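What you see is a predicted model, and the numbers here were worked out from it, not measured in a lab.
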Amino acid sequence: MNRYLDVNPEVEQAVREGRPVVALESTIISHGMPYPQNVETALNVERIIRENGAVPATIAILGGRLKAGLTPEEIEYLGKTGQAVTKASRRDLPVLVAQGKDGATTVTTTMMIAHMAGIKIFATGGIGGVHRGAETTMDISADLEELANTPVLVVCAGAKSILDLGLTLEYLETHGVPVIGYGTSELPAFYTRKSGFSVDYRLDTPAEIAAAFKAQREMGLKGGMLVTNPIPEEYSMDPDVINRAIDEAIEDSVREGIHGKATTPYLLAKVKDITGGDSLDSNIRLVYNNARLAAQVASEYCGKWSK
């Protein structure tokens, strides 16, 4: 066990007994939504995972400790502290741990800590990817490198539509990361169900996804698996409306000189303001949808494939 890691006793027991556990990130709490919606959403996601037969493990760095499984009080703390908490990617961990500081985990660091704790399945909203204009800025999310190297299955609603989705898929393909569409052959675009880009494979049941991930693990293949789960139809946004909002937000970010790890939180907040809050509502609903699927996949994996 990593000496910097604290695993919640319930989570530790479930992992030890081979029962289903689903990891959850904490950047969505501190940087992805305003308080108190962030805390309410985080607690609802944990409830949904339990209702679907798995144990939730929200992940963060608190007081320099890597935490796999937070208490409701710790989730409340992250929600209230908000963006004052460091958005922690791989490069941030050594300093945050050494200095005893707090950090909210991205997809990258959630995958890392989940793997340290023996958790195989992770639910998030959307992954990072290749940013628009990356051919000159080289702005490519560390999430993609982590997917290429860390053996965790990630359930998401596709890459965030503020990104260059075509280049994101090319990057994943180059690094051998399978991109699975749950009930779809087309990559979901976070706020909308369609992007115009194809996934590698369509799988229609949690059992099929669990079997594919089991095969990947048994073959000893490096890296994880990305499962893209379209936002429910009733919460999907009009593509024209959301794309106009994204274009406007990107123009604002360029004008204001936003770059690096500040880019995604800035763009999501701008899109929320431009759409009058509709994008936030969609964001919350797709996270719930992903949590449900992740718990079902984890249950199938542990029920049939873990032994």
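- For the atom pair CZ (Arg292) and CD1 (Ile48), the distance works out to 5.0 Å, reported to the nearest 0.5 Å.
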Between Ile61 and Thr105, is a side-chain contact (heavy atoms from CB on, under 4.5 Å) present by the stated rule, with each step listed?
-> CA-CA 7 Å; Ile61 302 102; Thr105 55; 3.6 Å; yes
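- In plain terms, the two heavy atoms of Ala291 and Ala123 that are nearest each other are CA-CB, 4.0 Å.
- Between the side chain of Asn38 and the backbone N or O of Ser30 there is no donor-acceptor pair closer than 3.5 Å.
- In this structure, Ser89 contributes its side chain and Arg91 its backbone to no donor-acceptor pair below 3.5 Å.
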Please report the C-alpha distance between Ile28 and Val45 in whole Å, then the side-chain angles of each, then the deciding distance to 0.1 Å, and finally whether the side-chain contact (heavy atoms from CB on, under 4.5 Å) criterion is met.
-> CA-CA 11 Å; Ile28 197 171; Val45 168; over 6 Å; no
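- Using a 4.5 Å cut-off between side-chain heavy atoms of Ile, Leu, Val, Met, Phe, Trp and Tyr, with links allowed through other members, Leu5 and Val21 fall into the same hydrophobic cluster.
- One N or O on the side chain of Glu186 and one on the backbone of Ser195 form a donor-acceptor pair closer than 3.5 Å.
- Panel note: side chain Asn289, backbone Pro230; a donor-acceptor pair is recorded below 3.5 Å.
- At least one donor-acceptor pair under 3.5 Å links the side chain of Gln216 to the backbone N or O of Gly224.
- Between the side chain of Thr168 and the backbone N or O of Val130, at least one donor-acceptor pair lies under 3.5 Å.
- Follow the hydrophobic side-chain contacts under 4.5 Å out from Ile29 and you reach Ile284 in the same cluster.
- Using a 4.5 Å heavy-atom threshold, the side chains of Val154 and Ile127 count as touching.
- With contacts defined as side-chain heavy-atom distances shorter than 4.5 Å, the pair Leu24/Glu46 qualifies.
- The two atoms that bring Ala117 and Ala68 nearest to each other are CB-CB, 3.9 Å, heavy atoms only.
- Put simply, CE on Met112 and OG1 on Thr110 are 10.0 Å apart, with the number rounded to the nearest 0.5 Å.
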Show your reasoning for whether side-chain contact (heavy atoms from CB on, under 4.5 Å) applies to Phe190 and Leu163.
-> CA-CA 10 Å; Phe190 197 66; Leu163 304 169; over 6 Å; no
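- Residues Ala114 and Ala23 come closest through the heavy atom pair CB-CB, 3.9 Å.
- Of the N and O atoms on the side chains of Thr41 and Gln37, not one donor lies less than 3.5 Å from an acceptor on the other residue.
- Between Ser26 and Ile59 the shortest side-chain heavy-atom distance does not fall below 4.5 Å.
- Contact annotation: the side chain of Thr228 approaches that of Cys156 to within less than 4.5 Å [non-hydrogen atoms, C-beta and beyond].
- One hydrophobic cluster, built from ILVMFWY side chains closer than 4.5 Å, holds both Val107 and Val199.
- Closest non-hydrogen pair, Arg217 versus Gly223, comes out as NH1-O, 3.4 Å.
- With rounding to the nearest 0.5 Å, the separation of CG in Leu153 from CE in Met111 is 9.0 Å.
- Among all heavy-atom pairs drawn from Thr109 and Arg90, the shortest one is CG2-N, 3.6 Å.
- Between the side chain of Asp102 and the backbone N or O of Gly63, at least one donor-acceptor pair lies under 3.5 Å.
- Atom-to-atom distance recorded for Thr184:OG1 and Leu203:CG is 11.5 Å, nearest 0.5 angstrom.
- At least one side-chain heavy atom of Leu93 sits under 4.5 Å from a side-chain heavy atom of Leu66.
- Within a 6.0 Å radius of NZ in Lys67, other residues, nucleotides and ligands contribute more than 12 heavy atoms.
- Distance check, rounded to the nearest 0.5 Å: OG1 of Thr81 to CD of Glu76 gives 9.5 Å.
- The closest donor-acceptor contact from the side chain of Thr27 to the backbone of Ala104 lies under 3.5 Å.
- By the criterion of side-chain heavy atoms lying less than 4.5 angstrom apart, applied directly or through intervening Ile, Leu, Val, Met, Phe, Trp or Tyr residues, Leu147 is grouped together with Val179 in one hydrophobic cluster.
- Both Tyr301 and Ile180 are members of a single hydrophobic cluster when ILVMFWY side chains are connected at heavy-atom separations under 4.5 Å.
- Leu286 is not listed as a side-chain neighbour of Tyr235, based on a closest heavy-atom distance of 4.5 Å or more.
- With salt bridges taken as basic N to acidic carboxylate O contacts below 4.0 Å, one links Arg47 and Glu51.
- Atom OG1 of Thr192 and atom CE of Met237 lie 9.5 Å apart (nearest 0.5 Å).
- A donor-acceptor contact shorter than 3.5 Å is absent between the side chain of Arg202 and the backbone of Gly181.
- Leu78 places a side-chain heavy atom less than 4.5 Å from the side chain of Leu62.
- Between Gly183 and Asp204, the shortest heavy-atom distance links the atoms CA-OD1, 3.3 Å.
- Neither side chain, Tyr182 nor Glu208, offers a donor N or O lying under 3.5 Å from an acceptor on the other.
- With respect to Glu25, the side chain to side chain donor-acceptor pair (under 3.5 Å) criterion is satisfied by exactly one of Thr106, Thr124, Thr58, Thr108: Thr124.
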Audit row: Val297, Phe213, side-chain contact (heavy atoms from CB on, under 4.5 Å) steps and yes/no | CA-CA 10 Å; Val297 171; Phe213 186 54; over 6 Å; no
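- Residues Leu144 and His175 fail the side-chain proximity criterion, which asks for heavy atoms closer than 4.5 Å.
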